[in-house]
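Report on the following structure.
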There are 2 protein chains.
Amino acid sequence: MRKNPIFQRETLGAAVLQVRSGRATSRTTLAKALGISPSTVGLYVDQLIAERFLNESGLNQGPMGRPRRILTTRPDAGWFAGVEFNAQRIQAIGVDFSGAVLASVVQVLPAEVTADQVIKAILLSVSKLAASTRSPLLSVGLGVPGLVDAKAGVGLHYAFIPDWNDVPVVERIGSRLNVPVILQNNLRAIALAERWFGGGHELSNYVILGPRSGFGVAMVQDGKLIEGAHHAAGEMGRWPWPLADGKGSSQELHHALSAPATWRRLAGVGLRAKLPEDLREGLAELASKQGPEWDSVCEDFARVIGCLQLLADTGVFILHGPLTMLGTRFCESITQTALELMPALGAAGLRIVPSTLGDDAGALGAASLAMEAWMPA
Amino acid sequence: MRKNPIFQRETLGAAVLQVRSGRATSRTTLAKALGISPSTVGLYVDQLIAERFLNESGLNQGPMGRPRRILTTRPDAGWFAGVEFNAQRIQAIGVDFSGAVLASVVQVLPAEVTADQVIKAILLSVSKLAASTRSPLLSVGLGVPGLVDAKAGVGLHYAFIPDWNDVPVVERIGSRLNVPVILQNNLRAIALAERWFGGGHELSNYVILGPRSGFGVAMVQDGKLIEGAHHAAGEMGRWPWPLADGKGSSQELHHALSAPATWRRLAGVGLRAKLPEDLREGLAELASKQGPEWDSVCEDFARVIGCLQLLADTGVFILHGPLTMLGTRFCESITQTALELMPALGAAGLRIVPSTLGDDAGALGAASLAMEAWMPA
DNA sequence: GGCTTTTTATTCGAATGCGAAAAAATCCAA
DNA sequence: TTGGATTTTTTCGCATTCGAATAAAAAGCC
C-alpha cells in the first residue's frame, strides 16, 4: 500500500478544479494541467478519492494504449455558501462542486439595520441553507457593499448602514462556523462569478460595470482583482463628467450614469421625477426606446468604456445590475458609438456584453469567493 | 563537508536581494525575510558564497548570544545591463549589485533607423559596456518604446521606426549574448526603476506619468505591472479631453498634455509655434511661471490624476519625462488643484511627486528589468 | 494465442527543503 | 574559571516531490 502523506490543501483544491472544469479527466492529463509529475498526481488522487472529493468512474479507451481511469468530481462531497447583502435585503445561496445551485434564501432586512443585525442575519441564512444539505460546508464567501479590506477580512465602510465601520466580519462569522470565510466587495465578487458561473471561463482581463445607485467598476487584470492601495479601486462614480447632451454643467459621473439617473434620462423626465416602483421593470420598458435620449446615454457609456479600455486595455466589458434589462441592443449601441468616437479602440477588439448571471449575480459572486478559496486557480 | 545541491536560481536571487537591500544581514534574518527555514538558508548561503555573490564580512555582536556572521553582497560578482532607445538615440547603462552605475554609453541613431540597425546598436552598446568590466554579465534588460509583448519577448509596434513590427528582440539579442534578456515597454520599465533606484522602495501601488511626445502612464498594482490584454495598458493619450480653459472643442488628451503641448500652453504660444531647441530647458524656464496658463495646465493634470486615482486607487503618482523640469512646485499645484476639484481624493492621501531619477531613468528602468529577473521579489 | 505497439499508472531511488534538536559562540554572574 | 543564558548556526532525520524506469492494460498484427 502506498504511503499517505498530508498534501497541501492548495494543490488538492487545484486538482479538483481541473477535474471539475473538465480540463483533466485522468491522472496523466491532470499531471499536465497542474504542471506536476504523474507520480505525485497519483498520490494526490489517492487522497482525494479517500476524502470523497473525487470518484473513479470507469474507463475511457482511447484509440490505443492502456485506457484512462476517468476521474469525476462528487457533487455531494461538500458545498459552498455565498452571502450577499445591502441595506435592504440579504441573500444566501448554496452551491455544490459542480456549480449547481442547491438552495437560495432571501431575507428582508429591517429599516435602519445595524451591523450586528447583519452579522446575525448572515449566520442565520447560512444555517438555514445548511439545514437542507447533508454534505459538509467547505467555505463561505461574503459579498459586502462599500469599502472592504479583503486581506484583513474587515468591512471598512458602507454608507447605508450607519455603524458598518471596521467590522471584523471574517472573524465574527468564521469563529461561529469553523470554516474558511472569505470577504470581498460585492462588485468584485461578481467579477469572479463571471468566471465561475458566467460566460467568461477563459477570460483573464475584463471589467465589470456595475451601475446601481452609484457607479462602480471591478477590474480583473491577468486573472487578479484590482483592489487599490486603499481598497477603493473602481469607485469612479465621482469622476467629473460633462454630459453628452451638453445640458447642465459638469457634474459627477454617478449623477449621469447611475441606474436611476439612466432611467430618468431615457424616460426623458427631470431629476425630481419619482422613480418607478421597480426600476428593473421600468428599464425593461425602455429597452426598445430610440431617439436623442438613447443616443446621449449610449454616448456617455461609450466614453466611459472608451476611457477604461484605453487606460487598462482589458478588451471585455460586462454590464451588470438593473441596466442589463436594457438588453443586448443597449450594449451594441454603446459598442458602435464607442468605435465611432474613438476609432483607436477597434484595433484590439472591444466587446461589451450584458451579464448572463441574472438576479442572483451577487450571491453567486459570494459563492465564487468560497469556491475560489477552496479551489485556487 | 555539507552536500551541495543545485538550488533554484529564483530563491538564490531572492536571497541576494534581501541581503542587498539590507533587509537581512545574517542567516537567521535572511531565513525570516525569505520565509524559509534556517537550515535551508545555510545551504543557500554556502552556495552563494561559493559562487562569489555573497561575502561573510566579520561578526556582529548583539546584546547577547552568538554573534551573527554578517552577510554582504559583492559588487564585483557580476553586472546588469540596461538598454533604452527611441527613434533618435540609444542609451546603455551598466550597474553592479549594489545598484551603482558602472558606465553609460549613449549613441545617436541615424535618421530613419531600421529595426536591424537598432538590434545591432543594442549589441554594440552592451559589448562596449562589457569591455570596461571584468565581472560577468548576468542579465540584460531592454526598455522598448511602443507596444511590447513582454512575455513573448517581442517588440510589436513602434510608430517612429517603420519596420519595427513583431521584432523577436529577446531571441535576437539573447542568442548572441547567452544571458537572460528581459523586454518591457520603456515607461513600464521606468516604473520598476522607481523601486530599484528611486524613492519608492516600499511602494507597491503607484502610477508613473510619462508625458513626452504623447501621454502614457504605467500602473503598478500590488507590486505588479499592469500590461493589459493586448499589451496596451496606459495608452491614455487618446482619451477625449475637453480643455480646462474652455478654448477649443473637445480633443484628445495628448493634444493637451503631452510635453510639447504643455510647453506651448505654458508659454502662451499657438499650436504652430516652434518648439525650443531643448524642450527641457524651455520648460525649466517656465518653472516659476504664474497666471491663468499655469492654472489651466495644472487643472488638466489634476483632472487626469483625479480620474486615475478614483479608478485605480494607487495613491502615489510619479511624474517623469521633460515635465519634471517644472519642479516640485508644479506637482504641488496639481495636488492642490486636484483636492479642490475632487475633495473625495483627500481621504486616502494623494501624493504627486516628480521623479528623482533624472535623465537616465529609461536606461535605469531597463537595468531594473535585468535586476528584477535575476533577483525576483 | 503470442508478439509488438501505444498509452496510462505505479514503483523506486534521489533531490530538495523543513522541523527539531544539537552545537557553537558570546555575555554575564557567581 | 566555570556554569547558565541567549542567540545563531549547523546537523540529522523525515516529508514531499520529481525523473526514470517499470508495470499494466488494452489494440493490432502475425
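What you see below is based on every heavy atom in this structure, not just the backbone, and it leaves out hydrogens, waters and symmetry mates. Quick caveat, the model's predicted, so the values are computed rather than measured. Below, read A as the first sequence line, B as the second, and so on, with proteins coming before strands; counting in each chain starts at 1.
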Q. Taking atom types as they are modelled, is there a donor-acceptor pair under 3.5 Å from the base of D/dT8 to the side chain of B/Arg66?
A. yes

Q: Look at the side chain of B/Ser39 against the base of C/dG17 and say whether a donor-acceptor pair falls under 3.5 Å; ignore hydrogens and angles.
A: no

[N] [atom2] sits how many Å from [X] [atom1], rounded?
X       : N      : atom1 : atom2 : result
A/Ile36 : C/dT16 : CD1   : C1'   : 16 Å
A/Met64 : D/dA26 : CE    : P     : 15 Å
A/Arg27 : D/dC18 : CZ    : P     : 16 Å
B/Leu43 : D/dT10 : CG    : C1'   : 9 Å
B/Leu30 : C/dG17 : CG    : P     : 14 Å
A/Leu34 : D/dT17 : CG    : P     : 12 Å
B/Leu12 : C/dG17 : CG    : C1'   : 13 Å
A/Leu59 : C/dT7  : CG    : C1'   : 13 Å

Q. Does the separation of the ring centres of B/Phe97 and B/Trp374 fall below 6.0 angstrom?
A. yes

For [N] and [X] - does any side-chain N or O of the residue sit under 4.0 Å from the phosphate oxygens OP1/OP2?
X       : N      : result
B/Tyr44 : C/dT16 : no
A/Ser26 : C/dT8  : no
A/Arg69 : D/dA26 : no

**Q.** Nearest-nucleotide comparison on DNA chain D, the residue closer to the 5′ end among A/Ser37 and B/Lys32
**A.** B/Lys32

Q.
Just checking A/Glu171: does its CD atom have more than 12 heavy atoms from other residues, nucleotides or ligands closer to it than 6.0 angstrom?
A. no

(Q) Checking contacts here: which listed nucleotide (C/dA25, D/dT9, C/dA9) is nearest the side-chain heavy atoms of A/Arg68? (A) C/dA9

(Q) Need one value for A/Pro38: base, sugar-phosphate or nothing, where a base atom within 4.0 Å counts as base even if backbone is also close, heavy atoms only. (A) base

Does any donor atom in the side chain of [X] or [Y] lie under 3.5 Å from an acceptor atom in the other side chain?
X        : Y        : result
A/Gln184 : A/Glu227 : yes
A/Thr133 : A/Ser135 : no
B/Asp96  : B/Ser98  : yes

